[in-house]
Amino acid sequence: RASTSVTSLGSTNTMSDESSDLIPSDLVRSILTLTIPNGKVNLDAASLVLRRLEQMAGIELTATLWDKVSSEEWNPSCPFENLDLKKQRMQVKQTNMVSSCAGNFYYTKGLEASKTGSMGEALSLMKAAKAQYSDALRSDPTNPNILSSYAQCCAVTLELEKSGGKSMANVKFSMSDVDVETTDIYFCRAAEASQQLAPESASYLLMLYAKFLVRCERYNRAEDYFLRSLEVSPNHHRCLRAYGRFLVNELQQYDYSELFIQR
């Protein structure tokens, strides 16, 4: 494959390819020539090729060129000139990283807004974060960090929606709720991919899932994930405290709870 840096439609920087030294306009000309049966231009095929070129190269061709393509004036052996270039956009390859960073920004701002009591703003920011994480997952659906961030964001969004911004710590979820079920699915996917994370990050993720399960009143499964989090990182202080509080608040096992809280 040729690797090319295009500065305009009529000129290029140096390119390297062991099998071909064609410049982009030559490549396009070669492709378009294949769309000419019996010497007659296949305009539909030519339009398809040019539209695809626009998408891949991040360019926008002028209306004048499209008028040419739809008429007999257009010559596929010379498909376009410099003046046919209307706009050239920046193409971003790692869109999952860009979307994930934007999601982290909105998520952090949402948490800050919730702490100051601006619940409406917090909910709007969380929904914006969810949209960004969702975009990131479309291009990288198995990334454990993005899955973890999306699941956490969904859980906080549920807390804000179900509590109305009041007594968030006491809100409970029902698994019959579609949004709760979706959050559970993403936590499961993140937990499955957690082995790719550093031990402390994986432990924290499993603990967050356990706390979500407590809100769903699924206590047996919650305890299982609390213990999994401690298996991954036995001295993680936040996981130790969270499990200790779970033993007190949900299971009333006061003696055992001290063993974890005091560690």
Side-chain angles (χ1 to χ4, degrees), residues 92 94-194 196-198 200-219 221-222 225-226 229 236 238-239 241-243 245-246 249-250:
V92 179
Q94 298 293 339
T95 54
N96 61 319
M97 294 177 62
V98 175
S99 298
S100 181
C101 287
N104 292 339
F105 171 80
Y106 289 124
Y107 179 77
T108 303
K109 289 295 182 182
L111 290 179
E112 291 175 357
S114 68
K115 290 176 181 178
T116 59
S118 304
M119 296 306 173
E121 181 185 0
L123 185 57
S124 295
L125 288 165
M126 284 299 168
K127 289 181 176 179
K130 280 180 64 177
Q132 292 295 331
Y133 289 137
S134 181
D135 285 343
L137 286 172
R138 271 194 280 272
S139 60
D140 196 359
T142 60
N143 186 301
N145 290 300
I146 302 174
L147 285 168
S148 175
S149 297
Y150 186 67
Q152 292 178 52
C153 186
C154 287
V156 175
T157 303
L158 283 171
E159 291 174 12
L160 291 167
E161 289 178 335
K162 303 301 181 185
S163 67
K166 299 176 182 179
S167 302
M168 288 178 60
N170 300 320
V171 69
K172 298 294 183 182
F173 302 145
S174 170
M175 287 302 296
S176 61
D177 187 312
V178 174
D179 291 333
V180 175
E181 183 181 7
T182 299
T183 303
D184 184 70
I185 289 171
Y186 278 98
F187 263 123
C188 286
R189 287 177 57 185
E192 289 174 1
S194 64
Q196 301 175 48
L197 300 172
E200 285 203 355
S201 298
S203 180
Y204 184 68
L205 165 63
L206 296 172
M207 181 268 289
L208 288 176
Y209 183 32
K211 293 177 72 173
F212 169 78
L213 291 168
V214 170
R215 291 189 183 275
C216 299
E217 299 181 293
R218 301 173 68 187
Y219 300 126
R221 185 171 173 83
Y225 274 91
F226 275 124
S229 74
H236 197 300
R238 297 184 71 173
C239 297
R241 284 203 303 267
Y243 183 50
R245 289 171 184 152
F246 167 76
N249 298 331
E250 311 303 337

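From a predicted model like this one, the values you see are computed outputs, not experimental measurements. For the single chain, residues carry numbers from 1 onward in sequence order. The figures here come from the full heavy-atom set of this structure, side chains too, leaving out hydrogens, waters and symmetry mates.
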Roughly how far apart are [X] [atom1] and [Y] [atom2], rounded to 0.5 Å?
| X | Y | atom1 | atom2 | answer |
| --- | --- | --- | --- | --- |
| Leu147 | Cys188 | CG | SG | 11.0 Å |
| Glu217 | Met175 | CD | CE | 12.0 Å |
| Ser100 | Asp140 | OG | CG | 9.0 Å |
| Ile146 | Cys153 | CD1 | SG | 13.0 Å |
| Lys109 | Ser124 | NZ | OG | 15.0 Å |

Report yes if some heavy atom in the side chain of [X] is under 4.5 Å from a heavy atom in the side chain of [Y]; otherwise report no.
| X | Y | answer |
| --- | --- | --- |
| Tyr107 | Tyr133 | yes |
| Phe187 | Leu208 | yes |
| Cys154 | Tyr150 | yes |
| Phe226 | Lys211 | yes |
| Thr183 | Arg215 | no |

Mind listing the closest non-hydrogen atom pair of [X] and [Y] along with its distance?
| X | Y | result |
| --- | --- | --- |
| Ser229 | Leu206 | CB-CB, 3.7 Å |
| Leu125 | Tyr106 | O-CB, 3.5 Å |
| Gly103 | Ala129 | O-CB, 3.5 Å |
| Ala202 | Ser194 | CB-O, 3.4 Å |
| Lys172 | Val214 | NZ-O, 3.7 Å |
| Ser176 | Ser174 | OG-OG, 2.7 Å |

Between Met207 and Ser203, is a side-chain contact (heavy atoms from CB on, under 4.5 Å) present by the stated rule, with each step listed? CA-CA 6 Å; Met207 181 268 289; Ser203 180; 5.7 Å; no
Centroid separation Phe212 to Phe173 less than 6.0 Å: yes
Among Lys127, Met119, Glu121, which one satisfies side-chain contact (heavy atoms from CB on, under 4.5 Å) with Leu123? Lys127
Mark yes when over 12 heavy atoms from residues, nucleotides or ligands other than [X] sit less than 6.0 Å from its [atom1]; otherwise mark no.
| X | atom1 | answer |
| --- | --- | --- |
| Glu200 | CD | no |
| Arg238 | CZ | no |
| Phe246 | CZ | yes |

I would like to know whether Leu111 and Met126 meet side-chain contact (heavy atoms from CB on, under 4.5 Å); could you show each step before the answer? CA-CA 8 Å; Leu111 290 179; Met126 284 299 168; 3.7 Å; yes
Would a distance-only check, ignoring hydrogens and angles, find a side-chain to backbone donor-acceptor pair under 3.5 Å from [X] to [Y]?
| X | Y | value |
| --- | --- | --- |
| Arg189 | Ala151 | no |
| Thr182 | Val178 | yes |
| Ser149 | Asn145 | yes |

Are Asp179 and Lys130 close enough for a salt bridge, meaning some N to O gap below 4.0 Å? no
Between the side chains of Glu112 and Thr108, does any donor sit under 3.5 Å from an acceptor? no
Audit row: Gln196, Thr142, side-chain contact (heavy atoms from CB on, under 4.5 Å) steps and yes/no: CA-CA 10 Å; Gln196 301 175 48; Thr142 60; 5.7 Å; no
